[in-house]
Amino acid sequence: SIDESTTAASVYHQLGLCYALSKKWSKAISALMKAKEIRTQEAGLIDAKVAQTLDSIGKVRIMQCQYDEALVCHQHAIRSFQAAGVYNTASTLTNIANVHTATGNWTAALTVLQEVCNLKKMGAVEAPAKAAAYKQTQQMMASIYETLGSPYPSYMLRQQEDRRRRATS
């Protein structure tokens with residue numbers, strides 16, 4: 001039945017995450033692929049749960065330093081999320097930025113992080129998570145600029161100072 005399949009997919013997904021935390025990469029990928037297979041049979045590729053599993057597979061691929069595979073998974077996840085009507089893709093975009101950072105593709109990482117900032121400014125990220133996620137994104141961008149030896153854009157410095165002033169007043 002559909003309920004049993006949904007439960008099985010969720011169990012495989014969580015099992016994959018547990019294996020990943022234990023650094024049992026091949027078992028993690030196998031469990032997540034099984035979850036993706038079940039979820040795809042249930043709903044097709046245009047589904048938020050399929051996208052979530054694709055994103056998780058991408059995270060495991062990052063942990064394995066398999067960056068090309070990770071990037072493909074995260075890009076498929078973005079397309080599946082958006083096709084399913086889910087536009088809060090900040091977490092997946094941040095994962096893509098992490099891939100670009102790990103491979104030294106600084107320009108691509110900054111471009112993706114700017115897209116994350118734009119999502120957050122437009123309110124596409126839930127309010128409780130928004131401030132912390134925005135701060136994390138800004139820190140990642142600052143780190144990349146520092147790595148490149150480039151000055152942090154002045155408008156970003158002004159934004160940070162404005163936020164600090166509001167927080168202390």
Side-chain angles (χ1 to χ4, degrees), residues 1-117 119-120 124-126 128-144 147:
S1 78
I2 292 177
D3 287 341
E4 289 173 358
S5 293
T6 300
T7 300
S10 293
V11 169
Y12 276 113
H13 186 99
Q14 293 304 314
L15 182 62
L17 297 178
C18 290
Y19 280 133
L21 290 172
S22 302
K23 298 181 181 182
K24 296 178 180 176
W25 310 125
S26 63
K27 288 184 177 187
I29 293 295
S30 293
L32 289 166
M33 291 300 284
K34 184 68 176 172
K36 178 184 159 266
E37 177 185 325
I38 293 168
R39 287 175 168 171
T40 302
Q41 288 172 355
E42 290 290 316
L45 285 173
I46 300 172
D47 180 72
K49 292 288 187 184
V50 173
Q52 180 185 32
T53 301
L54 285 165
D55 196 42
S56 294
I57 293 168
K59 288 178 190 175
V60 173
R61 295 296 188 198
I62 289 173
M63 291 181 226
Q64 293 177 289
C65 299
Q66 296 178 353
Y67 301 116
D68 290 339
E69 293 90 343
L71 189 58
V72 168
C73 288
H74 292 307
Q75 289 170 335
H76 282 276
I78 291 281
R79 285 193 294 277
S80 292
F81 275 131
Q82 291 173 342
V86 176
Y87 296 99
N88 177 10
T89 56
S91 176
T92 305
L93 286 168
T94 302
N95 293 332
I96 291 172
N98 287 333
V99 170
H100 291 311
T101 300
T103 58
N105 190 345
W106 309 114
T107 303
L110 286 170
T111 300
V112 173
L113 289 170
Q114 188 58 56
E115 191 174 340
V116 172
C117 288
L119 279 175
K120 292 171 184 169
V125 178
E126 295 81 20
K130 188 175 184 177
Y134 191 79
K135 182 179 178 183
Q136 178 189 10
T137 302
Q138 293 291 332
Q139 289 170 338
M140 287 177 69
M141 292 175 80
S143 175
I144 292 169
T147 300

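Throughout, numbering of the chain's residues begins at 1 and tracks the sequence.
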S.K.: Compare every heavy atom of Gly58 with every heavy atom of Ala70, then report the nearest pair and how far apart it is.
M.R.: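 Looking at all heavy atoms of both residues, the shortest contact is CB-O, 3.4 Å.
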
S.K.: Do you know which two heavy atoms are closest between Ala48 and Phe81, and how far apart they sit?
M.R.: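 Closest pair (atom of Ala48, atom of Phe81, distance): O-CE2, 3.6 Å.
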
S.K.: Supply the atom-to-atom distance Lys27 NZ to Leu32 CG, rounded to the nearest 0.5 angstrom.
M.R.: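 It is 14.0 Å, given to the nearest 0.5 Å.
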
S.K.: Are any of the side-chain heavy atoms of Arg39 and Ser10 separated by less than 4.5 Å?
M.R.: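 In contact.
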
S.K.: Say you draw a straight line from OG of Ser56 to NE2 of His13; how long is it, rounded to the nearest 0.5 Å?
M.R.: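 With rounding to 0.5 Å, OG (Ser56) is 3.5 Å from NE2 (His13).
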
S.K.: Would you compute the distance between atom CD1 of Ile38 and atom OH of Tyr12 and round it to the nearest 0.5 angstrom?
M.R.: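 Reported value, rounded in 0.5 Å steps: 6.0 Å.
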
S.K.: For the atom pair CG (Leu54) and NE2 (His74), what is the distance rounded to the nearest 0.5 Å?
M.R.: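 Answer for the CG-NE2 pair, Leu54 versus His74, is 10.0 Å.
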
S.K.: Indicate yes or no: at least one non-hydrogen side-chain atom of Val60 is less than 4.5 angstrom from one of Gln64.
M.R.: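 With C-beta onward as the side chain, the pair touches.
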
S.K.: Please test Thr94 against Met140 for side chain to side chain contact (heavy atoms under 4.5 Å, CB included), starting from the C-alpha separation and ending with a verdict.
M.R.: CA-CA 9 Å; Thr94 302; Met140 287 177 69; 3.8 Å; yes

S.K.: Report yes if the side chains of Met63 and Lys23 come closer than 4.5 Å at any heavy-atom pair, otherwise no.
M.R.: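 Contact flag for Met63/Lys23 side chains = no.
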
S.K.: Would a distance-only check, ignoring hydrogens and angles, find a side-chain to backbone donor-acceptor pair under 3.5 Å from Arg61 to Glu69?
M.R.: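 Side chain of Arg61 to backbone of Glu69: no pair is present.
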
S.K.: Go through the structure and list residues passing salt bridge (Lys or Arg N to Asp or Glu O under 4.0 Å) with Glu37, not counting sequence neighbours.
M.R.: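 By the salt bridge (Lys or Arg N to Asp or Glu O under 4.0 Å) rule, Glu37 matches Lys34.
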
S.K.: Contact between Asn98 and Asn95 at the side-chain level, heavy atoms closer than 4.5 Å - yes or no?
M.R.: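 Asn98 vs Asn95: side chains touch.
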
S.K.: So, taking the atom named SG in Cys73 and the one named CD1 in Ile29, what distance separates them when rounded to the nearest 0.5 Å?
M.R.: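 The distance works out to 7.0 Å.
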
S.K.: Would you check if Asp47 and Glu42 make a side-chain contact, meaning some heavy-atom pair closer than 4.5 Å?
M.R.: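 Counting from C-beta outward, Asp47 and Glu42 never come under 4.5 Å.
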
S.K.: Which atoms form the tightest heavy-atom contact between Ala20 and Trp25, and what is the distance?
M.R.: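 Smallest interatomic distance, heavy atoms only, reads O-CZ3, 3.5 Å.
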
S.K.: Taking all non-hydrogen atoms of both residues, which atom of Tyr19 and which atom of Ala31 are closest, and how far apart?
M.R.: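 Reported closest heavy-atom pair: CD1-CB, 4.5 Å.
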
S.K.: Kindly indicate whether the side chain of Thr101, heavy atoms from C-beta on, has any atom under 4.5 Å from the side chain of Thr147.
M.R.: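 Side-chain contact under 4.5 Å: no.
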
S.K.: Where do Thr89 and Val86 come nearest, in terms of heavy atoms and distance?
M.R.: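 For Thr89 and Val86, the tightest heavy-atom pair comes out as CG2-O, 3.9 Å.
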
S.K.: Looking at every heavy atom in both Tyr67 and Ile62, which two are closest together, and how far apart are they?
M.R.: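 What the structure gives for the nearest pair is CE2-O, 3.9 Å.
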
S.K.: At what distance, to the nearest 0.5 angstrom, does CD1 of Ile96 lie from NE2 of His100?
M.R.: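 Going from CD1 on Ile96 over to NE2 on His100, the span is 6.5 Å.
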
